[in-house]
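Let me begin by presenting the structure, written as structure tokens, before commenting on it.
Predicted model only: the values in this text are computed from it and were never measured.
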Amino acid sequence: MTGSDREGDRRDSSRTLPLPPLREVIARHGLSANRALGQNFLFDLNLTGRIARAAAPLDQGTVIEIGPGPGGLTRALLDLGAREVIVIERDRRFQPVLAEISAAYPGRLQIIDGDALKVDAAKLGSAPRRIVANLPYNVATPLLMAWLEAGTAFASLTLMFQKEVADRLVAKPRTKDYGRLSIAAQWRADVKRLFDIPPRAFTPPPKVTSTVVQLIPRSEPLYPADAAMLEKVAAAAFGQRRKMLRQSLRQVSPQAEEVLLATGIAPTARGEELSVEQFCALARAFKKKGPPIGPHAGL
């Protein structure tokens, strides 16, 4: 048994039953990762512990985990003192494994059999709510957007993404990764990259590096703007990155050049050059202008 597989080095005093190593549990139940569900198991206790510690404090409110699988991160959260953990798992093969963990930590683990995309996490448990998860790659972005829209329903989101998604979340203007996701995330939250995890840490190894990111939702968005209009403006600006804004923003309004000039933005600029603040200013200006009138209406 390797050092990364040893269980019990950091046992919580409230545990009533010993838990076998994760690899042993996987073998006993005949479990394997389902690629269709974006599953990759993380057995390394150093890494699961590091993720759990990044989400601290855990002894207040509720920790919500998405897609726990065999429960490696779940164990770390409970071992490090999480008062209440609620896990959402759609793959019923893991129910017996999670039930064993629940029995080992009486009254501290609740298991929800369901699809995280259909569960309103903002209504689970008690505040402060913290989401901690190794997100399935295929649903990571829609889940994040839904949680950010819930605002301060969550104290923090400590999440693992594909590195390329994390790069987009933290990207700054005038970089290749800056785009719609950068604006949406940074407008609603303080975003911080924590650390990378190499493919070899997982079973089976994914083809990409993973990155843990922490988002702290803002009590109010960074700058005033209508969310739907901000998304519309960002989508148009980055839909064809090479186009000047006076062309790309005509999808929003035929008076795009007029709006750009009114907000002090050069019509020849491109989306990647604008800050989040400037995108919000454009969203306010387009919202104020209202729907196009005359022969261009409906374009």
Side-chain angles (χ1 to χ4, degrees), residues 38 51 54-55 131-151 154 156-199 206-249 251-252 260 263-284 286:
I51 296 169
I131 295 185
V132 185
N134 170 12
L135 289 176
Y137 292 150
N138 53 353
V139 294
T141 302
L143 281 173
L144 174 62
M145 290 299 100
W147 296 333
L148 288 177
E149 287 174 10
F154 304 109
S156 65
L157 309 170
T158 305
L159 310 170
M160 190 190 305
F161 298 95
Q162 284 182 263
K163 184 178 181 297
E164 65 177 36
V165 175
D167 289 343
R168 289 160 56 201
L169 286 170
V170 302
K172 300 303 180 186
R174 299 179 182 274
T175 63
K176 66 180 180 62
D177 295 311
Y178 185 65
R180 294 167 61 184
L181 187 59
S182 318
I183 294 162
Q186 294 171 30
W187 182 56
R188 293 185 183 273
D190 179 43
V191 188
K192 180 170 63 176
R193 179 199 303 273
L194 298 184
F195 52 89
D196 292 339
I197 299 180
K207 296 179 180 180
V208 296
T209 296
S210 300
T211 301
V212 178
V213 174
Q214 188 166 73
L215 301 97
I216 307 296
R218 304 181 190 280
S219 56
E220 295 290 339
L222 193 55
Y223 306 102
D226 175 78
M229 181 57 77
L230 179 60
E231 164 59 21
K232 188 174 183 179
V233 171
F238 290 103
Q240 294 177 289
R241 297 180 71 100
R242 302 292 299 173
K243 279 191 174 183
M244 297 177 184
L245 290 172
R246 66 185 179 193
Q247 295 172 295
S248 60
L249 293 184
Q251 297 177 44
V252 181
L260 285 161
T263 52
I265 297 170
T268 54
R270 292 176 172 80
E272 65 189 41
E273 300 175 42
L274 271 56
S275 65
V276 176
E277 183 177 11
Q278 288 173 307
F279 269 105
C280 290
L282 281 175
R284 292 194 301 272
F286 278 116

Could you tell me whether the side chain of [X] and the main chain of [Y] form a donor-acceptor pair under 3.5 Å?
X: Glu149; Y: Ala146; answer: no
X: Arg284; Y: Pro224; answer: yes
X: Arg218; Y: Ala189; answer: yes
X: Glu231; Y: Ala228; answer: no
X: Ser156; Y: Ile216; answer: no
X: Gln162; Y: Val208; answer: no
X: Gln251; Y: Lys232; answer: no

Any side-chain heavy atom of [X] within less than 4.5 Å of one from [Y]?
X: Gln186; Y: Leu222; answer: no
X: Met244; Y: Arg270; answer: yes
X: Glu272; Y: Arg174; answer: no
X: Val165; Y: Arg168; answer: yes
X: Leu169; Y: Leu144; answer: yes
X: Glu164; Y: Asp177; answer: no
X: Ile51; Y: Phe195; answer: yes
X: Gln247; Y: Arg242; answer: no

Write down the atom of [X], the atom of [Y], and the distance for their closest heavy-atom approach.
X: Ala171; Y: Ser182; answer: CB-OG, 3.8 Å
X: Gln214; Y: Ala54; answer: NE2-O, 2.9 Å
X: Ala236; Y: Leu249; answer: CB-CD2, 4.0 Å

inquiry  = Parallel, tilted or perpendicular: which one describes the rings of Phe238 and Tyr178, with boundaries at 30° and 60°?
reply    = perpendicular
